[in-house]
Amino acid sequence: MTSEPVSLARALASFDDLWSPRIVTAVNDYDVRVAKVEGEHLWHVHDHTDEFFLVLEGELRIALREPAGERTVVLPKGSVFTVPRGTEHKPAAPAGASILLFEPTGTSTVGDRHDDIPDHVDATTGHSLS
C-alpha cells in the first residue's frame, strides 16, 4: 500500500465496474475498499467476519435474514452499518451508490456461502487501484 494520501473521489473515478471493489489502503490485516454499486448483489454470508459499510454517495439498502425474521436497513449518504458475522444479507442500490467497505484482507465479496453468482457481480477479494 502507498504511504501517500488517497482521494476517494479520484479512486472511484478510476473505474466503472459495478460490484467490483478496489482496495484503496490497508489497516493492519484489513482492506479498505471502495465500490460502485447499482441494482442487487446476492444473498450471502460471511461466517467469520463482520462487514462494515459506509455510503459515500447515493443510498444503499441491505436486506438481512435474522433470527427474528427478514428486514431491510436503508443507508443514505454518510451512513454506516455493520452486518454481523453469520448474518445472511443482500445489498442493493436501486438508483446506484458509491460505498466504502472495511473487512479482513482476503474476504470474498460473495462471502463463505452464497446464492448463484449473477454475471454482474464480481466474485473477488478486491482489486488494486490502477
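Any value given below was found using the heavy atoms of this structure, including those in side chains, with hydrogens, waters and symmetry copies removed. The residues of the chain are indexed from 1 along the displayed sequence.
Using a 4.0 Å cut-off between charged nitrogen and carboxylate oxygen, K36 and E38 do not count as a salt-bridge pair. With respect to the salt-bridge test (charged N to carboxylate O, under 4.0 angstrom), the residues R113 and D47 qualify. In summary, R33 and E103 engage in a salt bridge, as defined by a charged side-chain N under 4.0 Å from a carboxylate O.
Checked options H114, E88, H89; the residue passing with H44 is H89 (criterion: side-chain hydrogen bond (donor to acceptor under 3.5 Å, both in side chains)).
Shown here for G106 and T125, the closest heavy-atom pair between the two residues is O-CG2, 3.2 Å. Annotation for L42 and D116: closest pair CD1-O, 3.9 Å, computed over non-hydrogen atoms. Minimum interatomic distance between L12 and S98 (heavy atoms only, all atoms of both residues): CD1-CB, 3.8 Å. The two residues R65 and T87 come nearest to each other via the heavy atoms O-CG2, 3.9 Å.
Between the side chain of H46 and the backbone N or O of E51, no donor-acceptor pair lies under 3.5 Å.
Listed by chain and number, the residues in a ring-ring contact (aromatic ring centres under 6.0 Å, His included) with F102 are Y30 (sequence neighbours excluded).
Taking CG of L101 as the reference point, atom CZ of F53 lies at 5.5 Å (rounded to 0.5 Å).
Taking 4.5 Å as the limit, every side-chain heavy atom of V37 sits out of range of all side-chain heavy atoms of P91.
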